[in-house]
**Q** 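Provided herewith is a single structure, encoded as structure tokens, for subsequent inquiry.
Numbering of ligands and ligand atoms starts at 1, following listing order.
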Amino acid sequence: MDTKNLRVNGKRLQQTLEEMAKIGATPGGGVQRLTLTDEDKRARDLFIKWLKELNLEVTVDEMGNIFGKRAGRNNDLAPVLSGSHIDSQPKGGRFDGILGVMGPLEVLRTLHENEIETERPVAIVDWTNEEGSRFAPAMVSSGVWAGALERDWAYDRTDINGLRFEDELIRIGYKGDVPAEKWPIHAYYEYHIEQGPILEREKKIIGAPKGILCLHWYDIYLEGEANQVGPTPMEGRHDALCAAAEMILRVNRLPKKMGGNMVATVGEIQNHPNSRNIIPDKVHFTVDIRSWDDDLALRAWDDLRKDFEELAAGRGCPIRIEETWRVEHSPFNEDLVQRVLDTSAELGYSNLRMVSGAGHDASYMNQIAPTAMIFVPSIDGRSHVEVEKTTWEDCEAGANVLLHCMLKSAQEGG
Ligand code: GLV
Ligand code: MN
Ligand code: MN
């Protein structure tokens, strides 16, 4: 069959996304489907049911990554893979991650109903714990699968309540027995919402990132001295929250100070005992630094670390710093990036070469296989929030680009 005029079923993709959005739905119109929670399990169960309806070979590996593989004419050839993540942020949106799993599902449904044969096998994946907001770091299971992170280190990560990653994986029934180890991949495409304002501002439908910024995560622990706030004079206090407050502003000012292209954020903080009339004695907060320039991000951290140590000493609050996670900036395969742009143009969609500020499993996949991403616009540039939205038309457009990029790669011989 000539596949030139083949298109996905946009209505079916919409219904599928709407069905998924019911799992963990929040009153504000978003979803809360934190990794390895009951909501994650329910969404996984539904995803596997849909994979089985297509007679795919379904496997779950020891990190809980779910693969569905469709045979090709020559199954000795490396497959074409596409996927993203089912988990969400707390009070997250209905598109981040899930579009990149339901998008390739719609592609496979389209191939299935049109009885399209491909030369290579075509596969879909849901990566466990992309978000990293329950268990840091992010993208941990694609990281293990690609060989960049240690499985047992990942298993020992704990959430805010001290629950272990591996225990939660077992509890929801998704610790599979297949090793989480890479196999040869001919091409990896990840379909995702942009999560920023550029496509909307430039009035483009499809974005093709040339790569992803580096991501560096740090955890800071401060110790102060708790006391009754009323009788304790201001002089001589060891207030861990005040020390943190000074540090947080340094993080916010860091990009300007370094004079380069980077962003720096404190997004999470725990204050102990968190009572209005006790001087705080324990504070934990996180630091996230991103840039296209890995060296700049590292120099920024050196500078910040010195500031933190000085500020902590000034307040008499001992500091402990964990350098939790680093992933280098990730320039994608130029041929595949160009393929995304060309395919968009062939299908009549306006398009733009850009950069991804958000982290994606594609970062780790790019270390082991030719990789590219397909972005569609985020309304008002909002993401990781309940109001996150992309039009159904744009969701369909991105899925059509994915379909044809996957088809081109899947018809390439050995
Ligand atoms: C992943 O969601 C990120 O933090 O960019
Ligand atoms: Mn995502
Ligand atoms: Mn996200």
**Q** If the threshold is 4.0 Å, N to carboxylate O, is there a salt bridge linking K306 and D302?
**A** no

**Q** Run the salt-bridge test on D307 and K257 with the 4.0 Å N-O cut-off and return the result as yes or no.
**A**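 A salt bridge links D307 with K257.
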
**Q** Charged N to carboxylate O under 4.0 angstrom, E412 versus R339?
**A**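 Looking at R339 together with E412, the answer is yes, because their closest N to O distance falls below 4.0 Å.
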
**Q** Would one find more than 12 heavy atoms of other residues, nucleotides or ligands at under 6.0 Å from atom CZ of R164?
**A** yes

**Q** Tell me the protein N, O or S atoms under 2.8 Å from the Mn ion (ligand 3), in chain and number order.
**A**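 N, O, S partners closer than 2.8 Å: D96 OD2, E131 OE1, E131 OE2, H384 NE2.
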
**Q** Can D45 and K41 be counted as an ion pair, charged N to O under 4.0 angstrom?
**A**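 Salt bridge present between D45 and K41.
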
**Q** What does the N/O contact table under 3.5 Å look like for ligand 1?
**A**
| from | atom 1 | to | atom 2 | distance (Å) |
| --- | --- | --- | --- | --- |
| ligand 1 | 2 (O) | E131 | OE1 | 3.0 |
| ligand 1 | 2 (O) | H384 | NE2 | 3.2 |
| ligand 1 | 4 (O) | R290 | NH2 | 2.8 |
| ligand 1 | 5 (O) | R290 | NH1 | 2.8 |
| ligand 1 | 5 (O) | R290 | NH2 | 3.4 |
| ligand 1 | 5 (O) | G359 | N | 2.7 |

**Q** Is K408 salt-bridged to E346, going by a charged N under 4.0 Å from an acidic O?
**A**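 Judged by the 4.0 Å cut-off on N to carboxylate O distance, K408 and E346 do form a salt bridge.
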
**Q** Check this for me: E328, atom CD, are more than 12 non-hydrogen atoms of other residues, nucleotides or ligands nearer than 6.0 Å?
**A**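 Atom CD in E328 is not packed in, count stays at 12 or less.
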
**Q** Within the supplied structure, the quantity of interest is the number of heavy atoms (other residues, nucleotides, ligands) at a distance under 6.0 Å from D152 CG; does it exceed 12?
**A**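 Yes.
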
**Q** Are E18 and K22 close enough for a salt bridge, meaning some N to O gap below 4.0 Å?
**A** no

